[in-house]
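Working notes, beginning with the structure itself.
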Amino acid sequence: MALVECETKSRVAVLTLNDPPVNGYTHEMMKELDAAILAARFDDAVQALVVTGHGEKFFCAGANINMLKAASPSFKYQFCLHANETLLRLEHTPKLVIAALNGHTVGGGLEIALACDLRVARRGAGKVGLPEVALGVLPGTGGTQRLARLVGKPRAIKLMCEGTTFDFDTALAYGLVDEVWETETHAAFLDRAIAYAQSFTTPGRAAMAIGRIKRAVQTGLEMGLEQGLAYERELQAELFASEDAREGIAAYVEKRKASFQGK
């Protein structure tokens, strides 16, 4: 059984974390997720990614506690390092990544979601939060860094030190998720998430430009302003030389809808 199921649907790669009942991740799952991210990055037919969890109850409950209990301190360190590298690869991939939160998204599960560009959730499907403090540890797969960058230092410290979990509507108010959808079934939610991802692909959208916008923000904000502007100019130069930019400008002048090819 694959721990990360991979399927491509009309220019969207769907990566499903698959280790019932809670989809907790092990080193083996992270290796499969890493490989799936790289495969989607190299696949020119893929223009966007959706990351979700198997079943209706859990997106991901974080690291497998039984695995951690049995592991040596050295293994735990290398495990965290590889997880960091995997999620950085997700951020560095110049294709939009959407986390479809189909159920409980806690601990390392939320940390995976935070490494995605956008997060959509099914209303009433579960809780979200970083409760690692109850185990005597901190969110060690990027949670302290990404949460603070997303919601600000005071709120991030409060949420992690309290270790509480809350529903997706509260997460929306905090800025942790971008959309909360009411759907009758899990299948309907996933279909809507895939359709949402497809709305950022060709021919209706310039997927190449969207990928460069992502890179400009994800990487540029970690630089000083002057360096970030220089990086932005380099990405813009790439786009100005693209067929999509020529098509977009021509369509605007000719007062017609652009048809982008991702080139």
Side-chain angles (χ1 to χ4, degrees), residues 4-17 33-52 59 86-102 112-121 146 149-150 177-179 181 189-223 228-263:
V4 178
E5 296 179 341
C6 307
E7 184 179 7
T8 300
K9 297 186 176 183
S10 299
R11 301 174 299 283
V12 174
V14 182
L15 311 184
T16 304
L17 308 178
L33 180 60
D34 200 1
I37 292 165
L38 287 172
R41 181 188 291 185
F42 277 89
D43 189 347
D44 290 338
V46 170
Q47 296 179 356
L49 289 78
V50 169
V51 180
T52 192
F59 172 81
T86 297
L87 297 185
L88 281 170
R89 246 187 289 285
L90 196 61
E91 283 185 333
H92 292 167
T93 297
K95 301 178 182 185
L96 195 70
V97 182
I98 297 170
L101 309 183
N102 56 297
I112 292 172
L114 289 173
C116 299
D117 305 306
L118 300 174
R119 286 156 294 280
V120 299
R146 291 190 177 93
R149 284 165 167 76
L150 188 63
V177 300
D178 302 289
E179 303 271 352
W181 298 333
F189 170 72
L190 185 57
D191 286 346
R192 183 169 176 179
I194 293 169
Y196 183 55
Q198 289 168 342
S199 74
F200 296 101
T201 66
T202 60
R205 290 286 187 93
M208 185 177 176
I210 287 172
R212 299 310 184 275
I213 290 169
K214 166 186 173 167
R215 295 294 296 121
V217 173
Q218 293 284 20
T219 298
L221 284 185
E222 302 307 313
M223 304 175 178
L229 290 171
Y231 184 51
E232 180 186 83
R233 287 194 301 274
E234 294 302 315
L235 294 172
Q236 183 73 302
E238 287 183 29
L239 292 172
F240 275 142
S242 71
E243 294 179 19
D244 277 358
R246 286 189 286 273
E247 164 63 9
I249 292 169
Y252 179 84
V253 171
E254 296 164 12
K255 296 181 171 55
R256 60 174 174 82
K257 184 175 176 59
S259 180
F260 297 108
Q261 302 301 314
K263 300 179 181 178

Query raised in the report: Excluding sequence neighbours, so at least two apart, what forms salt bridge (Lys or Arg N to Asp or Glu O under 4.0 Å) with Glu247?
Result: Arg256
Query raised in the report: Of all residues at least two apart in sequence or in a different chain, which pass the salt bridge (Lys or Arg N to Asp or Glu O under 4.0 Å) check with Arg205?
Result: none
Query raised in the report: Considering residues at least two apart in sequence or located in another chain, which fulfil the side chain to side chain donor-acceptor pair (under 3.5 Å) criterion with Arg41?
Result: Thr93
Query raised in the report: Hey, is the main chain of Ala40 close enough, under 3.5 Å, to the side chain of Lys95 for a donor-acceptor pair?
Result: yes
Query raised in the report: Taking side chain as C-beta onward, heavy atoms only, is Leu17 less than 4.5 Å from Ile112?
Result: yes
Query raised in the report: Considering only heavy atoms from C-beta outward, does the side chain of Arg246 approach that of Glu243 to under 4.5 Å?
Result: yes
**Report entry** Heavy-atom check, side chain of Val12 versus side chain of Phe200, under 4.5 Å
**Finding:** no
Query raised in the report: Mind checking what makes salt bridge (Lys or Arg N to Asp or Glu O under 4.0 Å) contact with Glu222, not counting sequence neighbours?
Result: Arg149
Query raised in the report: Do you know which two heavy atoms are closest between Asp244 and Gly262, and how far apart they sit?
Result: OD2-N, 2.9 Å
Requested in this report: Any chance you could measure Leu221, atom CG, to Tyr231, atom OH, to the nearest 0.5 Å?
Outcome: 11.5 Å
Query raised in the report: Between Phe189 and Ala121, what is the shortest heavy-atom contact and its length?
Result: CE1-C, 3.4 Å
Query raised in the report: So which heavy atom on Ala193 is nearest to which on Val50, and how close?
Result: O-CG2, 4.0 Å
Query - Results of side chain to side chain donor-acceptor pair (under 3.5 Å) for Thr202 - residues two or more places apart only - result: Gln47
Report task. Would you check if Thr16 and Glu7 make a side-chain contact, meaning some heavy-atom pair closer than 4.5 Å? Result -> no
Report summary line: Residues Leu90 and Cys116: closest non-hydrogen pair is CD2-SG, 3.8 Å
Requested in this report: Report yes if the side chains of Ile98 and Glu179 come closer than 4.5 Å at any heavy-atom pair, otherwise no.
Outcome: no
Query - Sole candidate of Asp44, Asp43, Thr201 that passes side chain to side chain donor-acceptor pair (under 3.5 Å) when paired with Arg11 - result: Thr201
Query raised in the report: If only atom types and distance count, is the side chain of Arg119 paired as donor or acceptor with the main-chain N or O of Ala100 below 3.5 Å?
Result: no
Query raised in the report: Can you find a pair of side-chain heavy atoms, one from Pro94 and one from Lys214, that are under 4.5 Å apart?
Result: no
**Report entry** Interatomic distance, Leu87 atom CG to Ile37 atom CD1 [nearest 0.5 angstrom]
**Finding:** 6.5 Å
Query raised in the report: What distance separates Leu15 CG from Thr52 OG1, expressed to the nearest 0.5 Å?
Result: 10.0 Å
Query raised in the report: If you round to the nearest 0.5 Å, how far is CE of Met208 from CG of Leu239?
Result: 5.5 Å
Query raised in the report: Does Glu91 have any salt bridge (Lys or Arg N to Asp or Glu O under 4.0 Å) partners at least two apart in sequence or in another chain, and if so, which?
Result: Arg146
**Report entry** Check: Asp178 side chain, Val120 main-chain N or O, donor-acceptor pair, under 3.5 Å
**Finding:** no
Report task. Can you measure from CD1 (Ile213) to CG (Asp117) and round to the nearest 0.5 angstrom? Result -> 11.0 Å
Query raised in the report: When rounded to the nearest 0.5 angstrom, what is the spacing between NZ in Lys9 and CD1 in Ile194?
Result: 4.0 Å
